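Worksheet: one structure, shown below.
No experiment lies behind these values; they were computed from the predicted model shown. Quick note on labels: first sequence line is chain A, next is B, and so on, each numbered from 1.
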Amino acid sequence: YSFFPNRPRWPPSKSQLTYAFLPENQLSDVVKTVFSRAFERWSEVTTLTFTEISSFNRADIRIGFFSREHGDGEPFDGVLGTLAHAFSPPTGRCHFDGEENWVIDGDFLNGAPLSAVDLESVAVHEIGHILGLGHSSVEEAIMYPSISSGTRKVELADDDIMGIQELYGSNPNYNGSVSSLTPTGERETSGASR
Amino acid sequence: HFFPNITAIPSSLIPNTTIWAAFSNLVGCKKGQKADGLPKLKEYFQYFGYLNTSYSDFSDEFDDSLEIAVKTYQLNFNLNATGQIDAETIKRIVVPRCGNPDIVNGTSAMHPGKPSANSTIHTVAH
C-alpha cells in the first residue's frame, strides 16, 4: 500500500463522513446501493462511517459520472482506458467515466463482453483514494491500479486493510486476521493524487 | 451507461478495439529504436507519473527517460524490469485502470522493494 504525498487523511473530527451523488446523473437506487456496499467495505475495517445525504454541495464525498472533459483538467477517454479518478483527502471528489459500460450485478461467470466493467469493484478502489490510499503493487489488493474488464474484485486484501488502518486505526468490531499483523512500517509517501 | 448485468449490454456499445490496444505494436521496442507508437506511449507514461511533467520529447525515439519509465513501471507491476517493451508489459499496460497516477512527487512507493536509484522520477501533483 501507499499513501498520497504527505499522507493526507480525513481529520479525526471527521470520522462520520457523508456522501452524495451528482443530482444531474439521476442515479437509480440500485446504483446507489452499489456505492453503499462499497463504502461498507471500508467502514468494516476502520472507525469511519459513511452516510448518504441529498445535498451534493454539503457532502464530504461527492460522486459524479462524467464524460470526456468535465472541468478538473483530467478528461475521461471513452470506453475503457481510464475508468475513474478520485482526489486525496479532504477534497472528496470522486469521478467515474460516464461512457463505460458499468455492470451492476457483477456476475461475470458466463463470460463478459470486453467492455463490461464492474461498478462496485471500481467504486471500492476510488473510495480508497478518497480516504487517502495511493496505488499498490499487490495484484490482489483493491488499490492495484488496473482491473481487467469483465472482472469483479471487491474484497479488501490484507494490503488494503493494513494501509487504511495505518491511517485511521481499526474498527474495534473488526475480527479479521489482518489486525493482528504488524504493519510494514513507515513508507515513503507516494501513490496517486488528483 | 448502467446495465443490470452483462447480457444487457447492446452490441453497439461494445467497441472493436480499445484506446490503448495500439500499444501492442510496440512489443520488442527498446532504447535507441524508433517506432510510430512511441509518442502516444510516452504520453501514457507521463499521464501516470512515470515521465516527468517537464518531459517534452514526444518523438518516435525510445530514449533514456522512456527506458527508466518502462523499468519503473515494470517494477511497480511486478514484471521483469528490463526497460524494454516486452509482451508481458504491454499486456499489463492495455488493461483498463484508475486514472490516478502511480507516482507523484518522487520515487514510487507502489513496489515494496527498493526502487533503483535511477528510477527516481519527479512529477507534480495536479
How many angstroms lie between CD1 in A/I147 and CZ in B/R97, if you round to the nearest 0.5 Å? 13.0 Å
Identify whether B/Y50 and B/V95 are in the same connected component of the hydrophobic contact network (ILVMFWY, side-chain heavy atoms under 4.5 Å). no
Looking only at side chains, do B/R92 and A/S146 share a donor and an acceptor under 3.5 Å apart? yes
With distance as the sole criterion, is a donor-acceptor pair present between the side chains of A/H135 and B/D102 under 3.5 Å? yes
Can you hop from A/F39 to A/F56 via hydrophobic side chains spaced under 4.5 Å? no
Partner of B/F2 under side chain to side chain contact (heavy atoms under 4.5 Å, CB included), picked from A/N101, A/V34, A/N25, A/I104, is A/I104
Which residue pairs pass the side chain to side chain donor-acceptor pair (under 3.5 Å) test with at least one member in residues 10-19 of chain A, sequence neighbours excluded? A/K14-A/D60, A/T18-A/D60
Atom CG in B/N100, atom CD in A/E74: separation rounded to 0.5 Å? 8.5 Å
Residues B/M110 and A/S137: closest non-hydrogen pair is O-OG, 2.6 Å
What verdict does the side chain to side chain contact (heavy atoms under 4.5 Å, CB included) test give for A/M143 and B/C98, after you've listed the backbone C-alpha separation in whole Å, the side-chain angles of each residue and the deciding distance to 0.1 Å? CA-CA 9 Å; A/M143 297 314 295; B/C98 173; over 6 Å; no
Would A/Y174 end up clustered with A/L167 when hydrophobic side chains under 4.5 Å apart are linked, directly or stepwise? yes
Is there a path of hydrophobic side-chain contacts, each under 4.5 Å between heavy atoms of I, L, V, M, F, W or Y residues, that connects A/F96 with A/F66? no
Is A/F76 in contact with chain B via its backbone, its side chain, both, or neither, using a 4.5 Å heavy-atom distance? neither
Would you say A/I63 and A/L22 are hydrophobically clustered, going by side-chain heavy atoms of ILVMFWY under 4.5 Å? no
Taking every non-hydrogen atom, the tightest pair across A/S148 and B/P96: CA-CD, 4.4 Å
Gap between atom CD1 of B/I19 and atom OG1 of A/T82 - 0.5 Å precision: 7.0 Å
Shortest non-hydrogen separation from A/V103 to B/P4 and the atoms involved: CG1-O, 4.5 Å
Can you measure from CD (A/E100) to NE2 (B/H1) and round to the nearest 0.5 angstrom? 9.5 Å
Identify which part of A/V30 has an atom lying under 4.5 Å from any heavy atom of chain B, answering side chain, backbone, both or neither. neither
Taking every heavy atom of A/G81 against every heavy atom of B/W20, the minimum-distance pair comes out as C-CH2, 3.3 Å
Tell me whether the count of non-hydrogen atoms from other residues, nucleotides or ligands lying under 6.0 Å of NZ in B/K91 goes above 12. no
Please determine whether side chain to side chain contact (heavy atoms under 4.5 Å, CB included) holds for the pair B/F77 and A/E139, giving the CA-CA distance in whole Å, both sets of side-chain angles, and the decisive distance to 0.1 Å. CA-CA 8 Å; B/F77 285 81; A/E139 193 160 358; over 6 Å; no
